[in-house]
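Just so it is clear: chains get the letters A, B, ... in the order the sequence lines come, proteins before strands, and each one is counted from 1. Computed over heavy atoms, backbone and side chain alike; hydrogens, waters and symmetry mates excluded.
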Number of protein chains: 2
Amino acid sequence: MVRKPATLKDVAALANVSRATAARALNSYGYVGGETALKVQAAAEQLGYRSNRLAQALRNGQLPIVGCILGDIQNPFFARIAHDIEVIARERGHNLVIGSSEEVLQLEISLLGSLQSLSIRGFIVAPTSADDNGHLQQLVSNNVPLVLIDRVAEGVDCDSVVVDNEGGARKAVEYLITMGHRRIGLLQDDMRIFTSRERRSGYRAALSANGISLDDRMIAVSQSTVEHAVDATIRLFSQKAPPTALFTVDSLMTQGALLAFRSMGISIPHDVSLIGFDDFNLATFTDPQITVVSQPVSEIGRVAARLLFERLSGQDAPPQKIRFETKLVVRGSVSRHSAG
Amino acid sequence: MVRKPATLKDVAALANVSRATAARALNSYGYVGGETALKVQAAAEQLGYRSNRLAQALRNGQLPIVGCILGDIQNPFFARIAHDIEVIARERGHNLVIGSSEEVLQLEISLLGSLQSLSIRGFIVAPTSADDNGHLQQLVSNNVPLVLIDRVAEGVDCDSVVVDNEGGARKAVEYLITMGHRRIGLLQDDMRIFTSRERRSGYRAALSANGISLDDRMIAVSQSTVEHAVDATIRLFSQKAPPTALFTVDSLMTQGALLAFRSMGISIPHDVSLIGFDDFNLATFTDPQITVVSQPVSEIGRVAARLLFERLSGQDAPPQKIRFETKLVVRGSVSRHSAG
DNA sequence: AATGTCTGTGAGATCGATCTCACATGGTTC
DNA sequence: GAACCATGTGAGATCGATCTCACAGACATT
């Protein structure tokens, strides 16, 4: 037997007042007699009354939930961000709905739609595609609060929190060049993804600034999972003239590269040098430790959540585009390459 | 200007029918004329109508959302589980609300309450405390579908999905004993937590089965974070007669132990042997690789989600208590201890 | 012709909380 | 005493979708 939770009506009946009065007593607005208020509160307590947020939301048009659509919570980068967003949401009396787009545009669209039909108050999204984003533009033009993280989307005019991907990638590749490398590999994920584009463009910029011509054979594309990255790395390094250094665009791919190198008997940094984008706990546990481009992960989620709540509280400032700096953290996975 | 989304009323008006008819046409139930149905569908299309799930939920009493309260999504173990649950929820047209209890009972209770007032359909919870669980019992007695994962809670009669913690711990410690160790350390988290208790009890069982008396100086308790585990490990190994082997109860603590050993200049497995509970990606990247007790992480979330949806679809079977086996994965972090 | 059955449709109630409005009091002020 | 206010309360509308019920017309059966 499912015991129905007590409603305002029940409370009102027990306290012998109307629903309106009960509501006033419990939410303390309007005029309520002192004695009446106590009676209502006692009744509420006795029945274990909790207001139905659903009904409230239907009435006032908005559910105190924020929606968060990320690539995959299993990626520690996104897990950290999701966690930080949840903490802030909780402080403001909101809950967090999470969806993984799995980097599939269609999934992102349908998730967003399903969350919109819940009258969710605002969204934080790491868009899968830098181009196909009519769904996001529509959100913005309907004035639904939206904050993009990790990636921006073309033509979508809203708050965003990203890092300097191009600069970070350039620093990494320039460092490799400084260390004498010229055949520098790039392990990247799908070009649809904003970060992938920017990091690639940093890679190119570094090469061309140093008079190294772009060589497609140095570039491998794979999905951003450890397994796919292993395969891609193996392909890249099975060539006749493999790279002498590798730059990977995210931590899962860095892990994949590490596994691939181990299985191929390639040693770091003796045989090949490695720099990954995005620091991760594993990077300091390996021998040698991995040199990485680190981003301020702990800031991204927090700042995005704060921006969202500013919008939710009705601020109508022009969109803020926040871009954090990245930092090259030199550890032991890069060695000097004797010119060959 | 916020453009209000179209409602059923708008669709009905455009199609020149009543709301009831429009609803019938769109949800295909009852009798609707063929032509009318088309008219309504066209109107819905034209207005971009999406039904308001909030209103639906208010009407039929349940929101197609499942709530998931875990210790911390940043723990890869929970991240994996959350991801798997979300995938299954999505297949069934549900969304996922996630809350981190941060292992604080009060937070777990308030999260649960706030989600309950949303008329959420069911919950998957990794309860913080093995004892204090009136809130969970109340849920069950109100017939709210609830599945416990990773940990069971005393007196809460519902579906659960856990692993054989005691057996896993025992296997680990017995292996250490077989390898000649007698001063075996235990790094565990709060005894409130179910897994912590069970794993400790496996540790004790193994010791006493082998005639080794329990020594409190061999046991360190800390919160389940890398940082706290580092401190606890350092304390444990700063004693005059430190353990010759260490068993850690989860992957974050294993990481902490690794960091502590490194900072203390203690080498694995030469100076100390190590086994951790729960396999984790890092374990195979270290040198030597870490021997662990592995649990079928990929099953836990999926099975829990399936159990929940069975309940949601109205099955009234007795609670299922699922317990997966664990496996000792021997790698390189344990060495034979010459009896001293 | 009377009764029955099948289609198709609309009016109105419902879910629970909130808010507007109207209506009471009792007291104050000119 | 008339006009006004502050205080306190309840009736009823509202949010959007759904469902029950009543009803109307078309056709078939006796």
Side-chain angles (χ1 to χ4, degrees), chain A residues 2-41 43-44 47-65 93 113-114 116-121, chain B residues 2-41 43-44 47-65 93 113-114 116-121:
Chain A
V2 180
R3 200 185 323 149
K4 288 257 177 57
T7 72
L8 187 61
K9 206 164 121 187
D10 303 328
V11 173
L14 183 61
N16 257 316
V17 296
S18 70
R19 284 153 36 248
T21 302
R24 273 189 286 255
L26 293 174
N27 303 318
S28 42
Y29 73 93
Y31 292 109
V32 198
E35 210 168 315
T36 318
L38 290 177
K39 228 174 25 178
V40 172
Q41 273 149 22
L47 296 174
Y49 170 75
R50 313 191 94 249
S51 75
N52 183 327
R53 287 165 72 197
L54 216 56
Q56 288 179 323
L58 178 61
R59 185 76 224 286
N60 69 29
Q62 283 184 325
L63 196 57
I65 288 187
S114 104
Q116 258 195 286
S117 65
L118 281 176
S119 313
I120 275 188
R121 295 197 64 194
Chain B
V2 181
R3 201 188 321 150
K4 287 255 176 60
T7 72
L8 187 62
K9 206 163 120 187
D10 302 328
V11 173
L14 182 61
N16 256 318
V17 296
S18 70
R19 283 153 37 250
T21 303
R24 275 188 285 255
L26 293 174
N27 303 319
S28 42
Y29 73 93
Y31 292 109
V32 197
E35 210 167 315
T36 317
L38 291 177
K39 228 174 27 177
V40 172
Q41 274 149 22
L47 295 175
Y49 170 75
R50 313 190 94 252
S51 75
N52 182 327
R53 287 166 71 198
L54 216 54
Q56 288 179 322
L58 178 62
R59 186 77 224 287
N60 68 29
Q62 285 184 323
L63 196 56
I65 289 188
S114 104
Q116 257 195 288
S117 64
L118 280 175
S119 312
I120 277 188
R121 294 198 63 195

All N/O pairs under 3.5 Å across the protein-nucleotides 19-24 of chain D interface:
| unit_1 | atom_1 | unit_2 | atom_2 | d |
| --- | --- | --- | --- | --- |
| D:dC19 | O4' | B:Arg59 | NH1 | 3.1 |

Shorter than 3.5 Å, N or O on both sides, protein versus nucleotides 3-8 of chain D: list them out with atom names.
| unit_1 | atom_1 | unit_2 | atom_2 | d |
| --- | --- | --- | --- | --- |
| D:dT7 | OP2 | A:Tyr31 | OH | 3.1 |

Counting only pairs under 3.5 Å, give me each side-chain donor-acceptor contact of residues 7-14 of chain B, with atom names and distances, residues two or more places apart or in other chains.
| unit_1 | atom_1 | unit_2 | atom_2 | d |
| --- | --- | --- | --- | --- |
| B:Thr7 | OG1 | B:Lys9 | N | 3.2 |
| B:Thr7 | OG1 | B:Asp10 | N | 3.4 |
| B:Thr7 | OG1 | B:Asp10 | OD2 | 3.4 |
| B:Asp10 | OD2 | B:Thr7 | N | 2.8 |

Which donor-acceptor pairs under 3.5 Å do side chains of residues 50-59 of chain B form with protein atoms, sequence neighbours excluded?
| unit_1 | atom_1 | unit_2 | atom_2 | d |
| --- | --- | --- | --- | --- |
| B:Arg50 | NH1 | A:Gly113 | O | 2.8 |
| B:Ser51 | OG | B:Gln56 | NE2 | 3.4 |
| B:Asn52 | OD1 | B:Leu54 | N | 2.7 |
| B:Asn52 | OD1 | B:Ala55 | N | 3.2 |
| B:Arg53 | NH1 | A:Ser114 | O | 2.5 |
| B:Arg53 | NH1 | A:Ser114 | OG | 3.4 |
| B:Arg53 | NH1 | B:Asn95 | OD1 | 3.0 |
| B:Arg53 | NH2 | B:Pro64 | O | 3.4 |
| B:Arg53 | NH2 | B:Asn95 | OD1 | 3.1 |

TODO: Report yes if the side chains of A:Arg121 and A:Ile65 come closer than 4.5 Å at any heavy-atom pair, otherwise no.
DONE: no
Task: Separation between CD1 of B:Ile120 and CG of B:Leu118, rounded to the nearest 0.5 Å - done: 5.0 Å
TODO: Ignoring the backbone of B:Leu8, work out which of C:dA17, D:dT18, D:dG10 is nearest its side chain.
DONE: D:dT18
- [ ] Provide the closest heavy-atom pair for A:Gly61 versus A:Ser119 in the form atom of the first, atom of the second, distance.
- [x] O-CB, 3.6 Å
Task: Residue pairs, two or more places apart or on separate chains, that pass side chain to side chain donor-acceptor pair (under 3.5 Å) and touch residues 20-32 of chain A - done: A:Ser18-A:Thr21
Open item on the list: Heavy-atom nearest nucleotide on DNA chain C for B:Ala37 versus B:Asn60: which residue maps closer to 5'?
Closed with: B:Ala37
Might you list the N or O atoms of the protein lying below 3.5 Å from N or O atoms in nucleotides 25-28 of chain D, with each pair's distance?
none

- [ ] Measure from CG on B:Leu58 to P on C:dT18 and round the result to the nearest Å.
- [x] 12 Å
